[in-house]
Amino acid sequence: MSSLHFYNSLTRQKETFKSLIPGRVGMYVCGPTVSGESHLGHARPFITFDIVYRYLRHLGYQVRYVRNITDAGHFEEEGRVSEDKIASKAALEKLEPMELVQKYTNLFHSAMREFNNIEPSIEPTATGHIVEQIVMIEKIIADGYAYVSNGSVYFDVEKYHKDFGAKGMQYGILSGRIIEDQLETTRDLDAQDEKRSKMDFALWKNAAPGHIMRWQSPWGVGYPGWHIECSAMSTKYLGDEFDIHGGGMDLQFPHHECEIAQSVVCNHKMPARYWLHNNMITINGRKMGKSYNNVIKLSELFAGTHEILTQGYSPMTVRFFILQTHYRGTLDFSNEALQAAEKGLRRIWEGFMQLNRLDIEGTVTITAGDADLEQKCFMLLNELDEDMNDDLNTAKVLAGLFELVPVINSIKDGHIKLTDLTTATLRLMKEKFNSYLVDIFGLRDEKKQDDQKLGAVLQLIADIRKDARSKKDYATSDKIRDQLLEAGIQLKDEKDGGFSWELV
RNA sequence: GGUCCUGUGGCCGAGUGGCUAGGCAGAGCUCUGCAAAAGCUUCUACAGCGGUUCGAAUCCGCUCGGGACCUCCA
């Protein structure tokens, strides 16, 4: 598998990735609803698609990455409480809705920075694209696939299904749902009378009195339905047809299904070629979500303030934790798993630092001193790209890197000589570690150890300690080491008589 | 009820039918004044029952368990 493959939810199989325009990729990812603080579950898609973004760029693509901010709010429960999520919270908190939106948007952005996610190329907001959404709805009505009912507009799913199903774009194409079954099994909800069919979904909702977020439209005062913003904004910034559409698995139906229907009516094309869905983060085997009351907010996660947390976990630990599993599998949260990730990250990062310190150009070796080891390393290094290309198997890439860590440490400790490997392989090792850990996985050192002054001070203290040790004054040397550790600085004696230190 | 996914060793997790990932934890050893780190060695697996096959964790069937979606949801 020498080229990039993605599992495409649309076709339910792995496919070779080929962009519509050579060298360029358009990617749309469903962003957050900023009606509340982001939680651990939200971290996954944004980290996952950050990896996709980084990897595509690493491969040389010029990517336009669009990720929306849903700030217009949606009804709590369709057909029942016609109330805007953001508006209801705003009433409770006595805040201007846009003030609330701003607050949570800022929090979201700061979390994204902590995770070291690269900002998208465009981050459009739903409220900033009301006009585009209205225009799109008008077109759907004009073409006969939507109808106005009591100031609201609904999409006519059955008509769409009948007409476009004949063209191979039936409703249910993405989620694998059979519309006929859906009609029989969909639960009866209250106040369905505005809709002609229970499958129909809202494009525009009539705003009830007291509903704070509202806009003037051809159908009266109201607000957009849940799905139209993504169709409007993806079309505007990426065109009628673009390469990748991403999001959480729970959005596959109905959100993405409806998005497809809307876009197909307007543009007569399947909007995206590759549909990528990340799986959920579970906690005790259950999806993390408001309805389950098991949400850990990111701020709680970092600080360790949630009751189920035994400690705080840093953004990089969380990022690494997410990378250690394949994005399409569920990932179960537990303190043990996070602690393991924390230690694993530390180990691989230390190995990476050691590797960077090796002077591999000192003696250039053409022939490996240890042919078996050379072959093993060379193989491991070449498998990395294969694994990454295989639907982004980050877990396997990390496993491969981990297998090389003992080799690096052994070189450092002198168990393996630099000349046991060819210089070409050592160079490749440096290159791959750097590419994957830094560029593609977006990991970074969270402990800023580049403080020159602190380093100088520690050098002095270490010299004093060394003197004490040489006089076998272990009481003093241990005191220095123990008290530094209490201050959060760990000294490590090296075999060559030197020392290293680490902030803990 | 409908659609789909899933069940791997103490924990987390990869896994293309044959070469039995990896991390964390545990045990032993080496190095060290001690410690930490590191290195080497090592113990626990493929839910159960059938079937296909020379051979199955991997394919098929059944049973049991877990989960997701069908309603806002990452």
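Numbered from 1 within each chain, the chains take letters A, B, ... in sequence-line order.
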Encoded 5' to 3' (Watson-Crick or G-U under 3.5 Å; [ ] crossing; | other strand), RNA chain B becomes (((((((..(((.....[...))).(((((.......)))))....(((((..]....))))))))))))....

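Distances from the side chain of Arg286(A) to the nucleotides C70(B), A74(B), G67(B) place G67(B) closest. For Lys396(A), the listed nucleotide lying nearest its side chain is A14(B); candidates were C70(B), C12(B), A14(B).
Salt-bridge formation is not detected for the pair Arg67(A)/Asp50(A): no Lys NZ or Arg NE/NH1/NH2 atom is positioned less than 4.0 Å from an Asp or Glu carboxylate oxygen.
Comparing A47(B) with U58(B), their P atoms are spaced 8 Å from each other, to the whole Å. Distance check on atom P: A74(B) versus C69(B) gives 11 Å, rounded to whole Å. Remark: the separation of the P atoms in U30(B) and A35(B) is 12 Å, to the nearest Å. Separation of the P atoms belonging to U41(B) and U20(B) is 15 Å when rounded to the nearest angstrom. For U44(B) and G10(B), the C1' atoms lie 8 Å apart once the distance is rounded to whole Å. Comparing the same atom, C1', in G7(B) and in A57(B) gives a spacing of 11 Å after rounding to whole Å. Taking atom P in both C49(B) and G9(B), one finds a spacing of 16 Å when rounded to whole Å. Separating the C1' atom of C54(B) from that of G17(B) is a span of 12 Å, rounded to the nearest Å.
Mapped onto RNA chain B by nearest heavy atom, Gly285(A) and His255(A) fall at different nucleotides, with Gly285(A) at the one closer to the 5' end. Residue order along RNA chain B, read from the 5' end via each residue's closest nucleotide, puts Gly176(A) first among Leu331(A) and Gly176(A).
Tyr171(A) has its OH atom 11 Å from the C1' atom of C70(B), to the nearest Å. Between the OH atom of Tyr327(A) and the C1' atom of G13(B) there is a distance of 17 Å, given to the nearest Å. Between Asp50(A) atom CG and A74(B) atom P there is a gap of 18 Å when expressed in whole angstrom units. His277(A) has its NE2 atom 16 Å from the P atom of U6(B), to the nearest Å. Whole-Å rounding puts the Asn279(A) CG to G13(B) C1' distance at 14 Å. One can place CG of Asp390(A) at 13 Å from P of A14(B), the figure rounded to the nearest angstrom. Distance, Phe253(A) CZ to A74(B) P: 17 Å, rounded to whole Å. Atom-to-atom, CZ of Phe321(A) to C1' of C11(B) comes out at 11 Å; the value is rounded to the nearest Å.
Among residues two or more places apart in sequence or in another chain, the side-chain hydrogen bond (donor to acceptor under 3.5 Å, both in side chains) test is passed with Thr325(A) by none. For Thr105(A), there are no side-chain hydrogen bond (donor to acceptor under 3.5 Å, both in side chains) partners, not counting sequence neighbours.
Within the structure, ring-ring contact (aromatic ring centres under 6.0 Å, His included) pairs that include any residue of residues 31-55 of chain A comprise His39(A)-His42(A), Phe46(A)-Phe108(A), Tyr53(A)-Tyr65(A) (at least two apart or interchain). Residue pairs that meet the ring-ring contact (aromatic ring centres under 6.0 Å, His included) test with at least one member in residues 316-345 of chain A, sequence neighbours left out, do not exist here.
With hydrogens and angles disregarded, a donor-acceptor distance shorter than 3.5 Å links the side chain of Arg44(A) to the backbone of Asn279(A).
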Would you check, one step at a time, whether the test side-chain contact (heavy atoms from CB on, under 4.5 Å) holds for Met112(A) with Ser38(A)? CA-CA 10 Å; Met112(A) 290 303 103; Ser38(A) 301; 5.8 Å; no

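For the OP1/OP2 pair of A74(B) and a distance below 4.0 Å, the side-chain nitrogens and oxygens of Asn278(A) include no atom meeting the criterion. OP1 or OP2 of G15(B) lies within a sub-4.0 Å distance of a side-chain N or O belonging to Asn393(A).
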Just list the side-chain donor-acceptor pairs under 3.5 Å for residues 334-341 of chain A, sequence neighbours left out, or say none.
residue: Ser334(A); atom: OG; partner: Ala337(A); partner atom: N; Å: 3.1
residue: Asn335(A); atom: OD1; partner: Thr310(A); partner atom: N; Å: 3.0
residue: Asn335(A); atom: OD1; partner: Thr310(A); partner atom: OG1; Å: 3.1
residue: Asn335(A); atom: OD1; partner: Tyr313(A); partner atom: OH; Å: 2.7
residue: Asn335(A); atom: ND2; partner: Ile308(A); partner atom: O; Å: 2.7
residue: Gln339(A); atom: NE2; partner: Thr310(A); partner atom: OG1; Å: 3.2
residue: Gln339(A); atom: NE2; partner: Gln311(A); partner atom: OE1; Å: 3.1

For residues 477-490 of chain A, tabulate all N or O donor-acceptor pairs below 3.5 Å that involve a side-chain atom, not counting sequence neighbours.
residue: Ser477(A); atom: OG; partner: Tyr474(A); partner atom: O; Å: 3.2
residue: Gln490(A); atom: OE1; partner: Arg346(A); partner atom: NH2; Å: 3.4

Can you list, pair by pair, the side-chain donor-acceptor contacts under 3.5 Å of residues 400-420 of chain A, counting residues two or more places apart and other chains?
residue: Ser410(A); atom: OG; partner: Pro406(A); partner atom: O; Å: 2.8
residue: Lys412(A); atom: NZ; partner: Glu494(A); partner atom: OE1; Å: 3.1
residue: Asp420(A); atom: OD2; partner: Lys417(A); partner atom: N; Å: 3.1

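Residue Met249(A) is classed as having no contact, given no heavy-atom separation below 4.0 Å to the nucleic acid.
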B/S/- contact track for nucleotides 22-37 of chain B, protein heavy atom under 4.0 Å: SSSS-----S-BBBB-

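Between Tyr154(A) and Lys195(A) the shortest side-chain heavy-atom distance falls below 4.5 Å.
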